[in-house]
Amino acid sequence: MIHKISGLLFLSLLLIACSQTHETTLDNGLRVIVREDHRSPVVVSQIWYKVGSQDEPAELTGISHVLEHMMFKGTAKLKPNEFSRIIAANGGRENAFTSHDYTAYFQQLEKSRLPIAFELEAERMQNLVLTEEEFNKEIKVVMEERRLRTEDSPEALAGEKFMVTAYEKHSYRNPIIGWMKDLESITVKDLRDWYRRFYTPANAVLVVAGDVKPQEVFALAKQHFGPVPAAPPVKSPEVAEPPQKSERRNRVSIPAEVPYLLLGYHAPVHASAGRDGIAEWEPYALSILGGVLDGGQASRFKHELVREKKIAAGIDVDYSATSRSPTLLMIEATPANGHTAEETEKAIRQQIERIRNELVTAAELKRVKAQVVASNVYSRDSVFYQAMQLGRLAANGLDWHMLDDYVEKLNAVTAEQVQTVARKYLIDSNLTVTILDPQPMSKGKPRAAPRRGGGGVH
Amino acid sequence: MFTRGLLLIGLFSVPASAFAGVKIEHWTLANGARAYFVESRELPMLQLRVVFDAGSSRDPADKAGAATLTAAMLDEGTKDLSANEIAIRFEGVGAEFGAGVDRDMASVSLRSLSDSGLLNPALDLLAQVLEAPAFPAADLELKRAQSLIALQKDAQSPGAIAAKAFYRELYGQHPYASDPLGDEKSLKAITREDLIAFHRRYYVGANAQVMIVGDVSKRQARKIVERVVGRLPAGKVPEPLPPVRKLITGWQKHVTFPATQTHVNMGHPGMRRGDPDYFPLYVGNYILGGGGLVSRLSVEVREKQGLSYSVYSYFLPLRLPGPLYIGLQTKNAQRDQALKLVRQVLTDFVVNGPTEKELEAAKKHLSGSYPLRIDSNGKIAEYLAVIAFYGLPLNYLDEFIPRIEAVTIKQIRDAFRRRVRPERMVTVTVGGER
């Protein structure tokens, strides 16, 4: 089904009411956050480890994600895949995901099965068994995953090239799934070290949402996770990305059918705001700015560039204010037929110039804010999503209480503040541009994929 | 203690009341439109979905993509409002409008806050775009151009190429064969008049079902439904689709494509909604390839051999038999090895059926996960649409667990032997040289 959603999905990221959210910390340092939602007899349990691809050294890219795969491969008490079998036989759904910032595991269950999820999750927090045999099979699965998502996708390859260009030092430059070369050289010992270092109670956050009572969940968490031994806190060395001095650009010339372009401006996040000359309101203003440019079919990009000028077939803005490290305000676009990527880029940059030079209108602000308020309510229709919001904030070192006044703070953003952040961040010297320049697709021969850092792609 | 026994305690101790829960109100409007309502007061929001028998299987001959374009054009302008004015009005009240099609149905959805000052303008607008879209010529050209680019993007994706080729091979001349998006030639042939005619023919009361879930009373719901689709002309229910042919022999089709992996799709027409074998096939397929990482296909192909990131099988039940769809991707050099293994697992399952233990685990999962299927307004609205569109009994959800629990090994084996024929399957492979 093709669905056109005119909502501001990215703005709804944080919007939930907090009155029904409770928190405790176990003696071993594990934080437990519980969100009550009694609409249905279900529960979601998520454990978030504060380790993601940004914590990886240059030659071990992808190791967090490989470890995520290996977490299903057996423990002292569980045979490989038995975790999944037990959850399935209890009517549960489960999976895991790895990002630049965190690795998280979840189970969705009928509410009476929560103890099962806790028992299993506490077991693999401390007793994972990593064997050569299982690793040798699973690393092949991860390589297939990389082929599927990246090697055979021209846009994903262009995206990798973009990231290594936009970031010089910070490891956001490396793909979450890792470079193939590193996947080929990661060892079981590397994984054991990674597991020991990051999979500790104090480096994790347990989030439970659903038809539960907080005190009962706390007691249950204490029973299952309490015995996990405490470990010294881990701290990854923080690598600051040096300020960008001038515009960066490159072309990725690979076999493809459709041109594509990526523009990204370095931008602050909540975690970096409130100090170093970055006002606390700036990420809120950037979120609203994103809404003016791309929030729905009436937004500037959709209305003016896609519909009126017909210079882009599709265009999207992505800005996530809740990352652990400073992020990018990204614009990705597909040129309309008959237009080059450069022409589309020029039209986008004219729009950026306009938002720097002119105040956004009261009508635009009002519309974006109406979407914010509505998204806040819609997001509460999903129990899973509510847990995601809390977990993401907590894992990234943000205080989830910020949800209490998040809508209010977005609503307080003024046209002048939008202009201020546009003038501060949406400037040429802070911009990276990558253009996918399609080359003829010769039959049968795969694209030359980057071994590392974009080598093999020009 | 950590034992399997302990973990399974309480499996059937869930009170039955936890499973009851979706109370469906149903009524029919004067123009034949049927309404399905579930009251849900916890959140101040409303989920509406209007479905028509107007999916891509209703595309006129040589005009594949007409159904998709019709749906995409609904909010592109009415007699009085431009596309941009429509967008401003929906978004100004925080409403989310969406429209799309699959092979059977066109589906138009609206999510709105239930506050009447915000809801009412959104409902009026929804009624207008359903009843009187203007299909402005310039906006049609824009949508057509966007669809052509979407086709080009599909042409650089081995997965998309494989899926399209699979449906073409399976369904031949049947309307299910074509891609809902259309193809380059058909998209270029579609005229504004085609869309106007398509809309007039299919977006009518007799052909409409309205789902409404959320924070309103039944009395309000009746008014809302009347307001949204009450003015649609009655029209007629469309003719039945031509029958789907049964394959009497299998074949293999390879598409050479410059990729590191080969995408493999395998299957044949499978089952329809309301099929008498639905539950044995559904439960059986969970064991074969539907159960995520614990299915036989996943265990053999992924867990034991590391051949693929994703390997699965599913029945897509449509009005007529939709495909039994088996899929995986693996690096080119492993193509034959993976294919051989999948065929082996499949044949073994068809011949021997599941074990007692597998069936028990499947039933536990499928009944135990029932509450997860209906835990949000959005999911309930989707279920309602399936129940309504395919004429399933209103107590379908209540009957779900008993029907699952009643399935036996013998029924699964019997249904699979009759309905799943590995020797009559089409195999599509898209990928590079080995």
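Here the structure is a predicted model, which means the values were calculated and not measured. So you know, we letter chains A, B, ... as the sequences are listed, proteins then strands, and number each from 1.
Between atom CZ of residue Arg380(A) and atom OG of residue Ser376(B) there is a gap of 14.5 Å, rounded to the nearest 0.5 Å. A distance of 7.0 Å separates CD in Gln297(A) from CG in Asp75(B), rounded to the nearest 0.5 Å. Here OG of Ser369(B) is found 11.0 Å from CD of Glu110(A). Values are rounded to the nearest 0.5 Å. Note that OH of Tyr378(A) is 11.5 Å distant from CG of Leu43(B), once rounded to the nearest 0.5 Å. Here the CG atom belonging to Asn90(A) is positioned 10.5 Å from the NE2 atom belonging to His365(B), to the nearest 0.5 angstrom. Put simply, CD1 on Ile88(B) and CD on Glu364(A) are 9.0 Å apart, with the number rounded to the nearest 0.5 Å.
For Asp139(B), the part sitting under 4.5 Å from any heavy atom of chain A is the side chain, from C-beta outward, and nothing else. Contacts between Val255(B) and chain A at a heavy-atom distance below 4.5 Å are absent for every atom of the residue. Using a 4.5 Å cut-off between heavy atoms, Val44(A) does not touch chain B at all. In this structure, chain A has no heavy atom under 4.5 Å from any part of Glu85(B). Only the backbone of Pro335(A) comes within contact range of chain B, with at least one heavy atom under 4.5 Å from a heavy atom of that chain. At a 4.5 Å heavy-atom cutoff, the contact between Lys73(A) and chain B is made by side-chain atoms alone. Residue contact with chain A, scored on non-hydrogen atoms closer than 4.5 Å, is absent for Pro180(B). Residue contact with chain A, scored on non-hydrogen atoms closer than 4.5 Å, involves the backbone and the side chain of Thr330(B) alike. If you measure heavy-atom distances from Ala155(B) to chain A, the contacts under 4.5 Å come from both the backbone and the side chain. If you measure heavy-atom distances from Leu142(B) to chain A, the contacts under 4.5 Å come from the side chain alone. With a 4.5 angstrom heavy-atom cutoff, Leu109(A) touches chain B only via backbone atoms. Contacts between Ala88(A) and chain B at a heavy-atom distance below 4.5 Å involve backbone atoms as well as side-chain atoms. Heavy atoms of His69(A) lying under 4.5 Å from chain B belong exclusively to its side chain.
When Val294(B), Leu148(B), Val93(B) are compared by the number of non-hydrogen pairs under 4.5 Å with chain A, Val294(B) comes out ahead. Ranked by heavy-atom pairs shorter than 4.5 Å toward chain A, the options Ala71(B), Ser308(B), Gly291(B), Ser310(B) are led by Ser308(B). Ranked by heavy-atom pairs under 4.5 Å with chain B, the first of Asn337(A), Asn95(A), Val142(A), Leu148(A) is Leu148(A). Of the residues considered (Gln334(B), Glu141(B), Lys379(B)), Gln334(B) shows the highest number of contacts with chain A, using heavy-atom pairs under 4.5 Å. Chain A forms the most heavy-atom pairs under 4.5 Å with one residue out of Glu42(B), Glu303(B), Glu360(B), and that residue is Glu303(B).
A donor-acceptor pair shorter than 3.5 Å can be found between the side chains of Lys153(B) and Thr334(A).
Under the side-chain contact (heavy atoms from CB on, under 4.5 Å) test applied with Asp375(B), the options Asp381(A), Val42(A), Asp37(A) reduce to a single match, Val42(A).
A pairwise comparison of heavy atoms in Ala370(A) and Gly92(B) identifies CB-O, 3.3 Å as the closest pair. Nearest heavy-atom pair across Ala298(A) and Ala87(B) is N-CB, 3.7 Å. Closest non-hydrogen pair, Ala313(A) versus Ile149(B), comes out as CB-CD1, 3.6 Å.
Under the ring-ring contact (aromatic ring centres under 6.0 Å, His included) criterion, His303(A) pairs with no residue at all, not counting sequence neighbours. Residues satisfying the salt bridge (Lys or Arg N to Asp or Glu O under 4.0 Å) criterion with Glu145(A), sequence neighbours excluded, are Arg149(A).
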Side chain to side chain contact (heavy atoms under 4.5 Å, CB included), that's the test. Do Gln329(B) and Asp152(A) meet it? Break it down for me. CA-CA 11 Å; Gln329(B) 333 76 32; Asp152(A) 289 343; over 6 Å; no
Before you tell me yes or no, could you show the steps for Glu96(B) and Gln371(A) under side chain to side chain contact (heavy atoms under 4.5 Å, CB included), namely the whole-Å CA-CA distance, both residues' side-chain angles and the distance that decides it to 0.1 Å? CA-CA 9 Å; Glu96(B) 294 178 355; Gln371(A) 292 173 308; over 6 Å; no
Audit row: Gln156(B), Glu155(A), side chain to side chain contact (heavy atoms under 4.5 Å, CB included) steps and yes/no: CA-CA 10 Å; Gln156(B) 68 189 21; Glu155(A) 291 184 0; 4.0 Å; yes
With salt bridge (Lys or Arg N to Asp or Glu O under 4.0 Å) as the criterion, how do Glu91(B) and Lys366(A) come out once you've worked through the C-alpha distance, each side chain's angles and the decisive distance to 0.1 Å? CA-CA 10 Å; Glu91(B) 290 160 16; Lys366(A) 197 176 160 205; over 6 Å; no
Applying side-chain hydrogen bond (donor to acceptor under 3.5 Å, both in side chains) to Gln261(B) and Glu144(A), what does each step give before you reach the verdict? CA-CA 8 Å; Gln261(B) 282 186 324; Glu144(A) 293 294 348; 2.6 Å; yes
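For Arg300(A), the CZ atom counts as densely surrounded, since its 6.0 Å shell holds more than 12 non-hydrogen atoms of other residues, nucleotides or ligands. Atom CD of Gln439(A) has more than 12 heavy atoms from other residues, nucleotides or ligands within 6.0 Å.
Inter-residue side-chain proximity for Lys310(A) and Gln146(B) is flagged as unmet; no heavy-atom pair is nearer than 4.5 Å. Looking only at side-chain heavy atoms (C-beta outward), Arg85(A) and Val299(B) come within less than 4.5 Å of each other.
Comment: Arg302(B) engages Glu138(A) in a salt bridge, judged by a side-chain N to carboxylate O separation of less than 4.0 angstrom.
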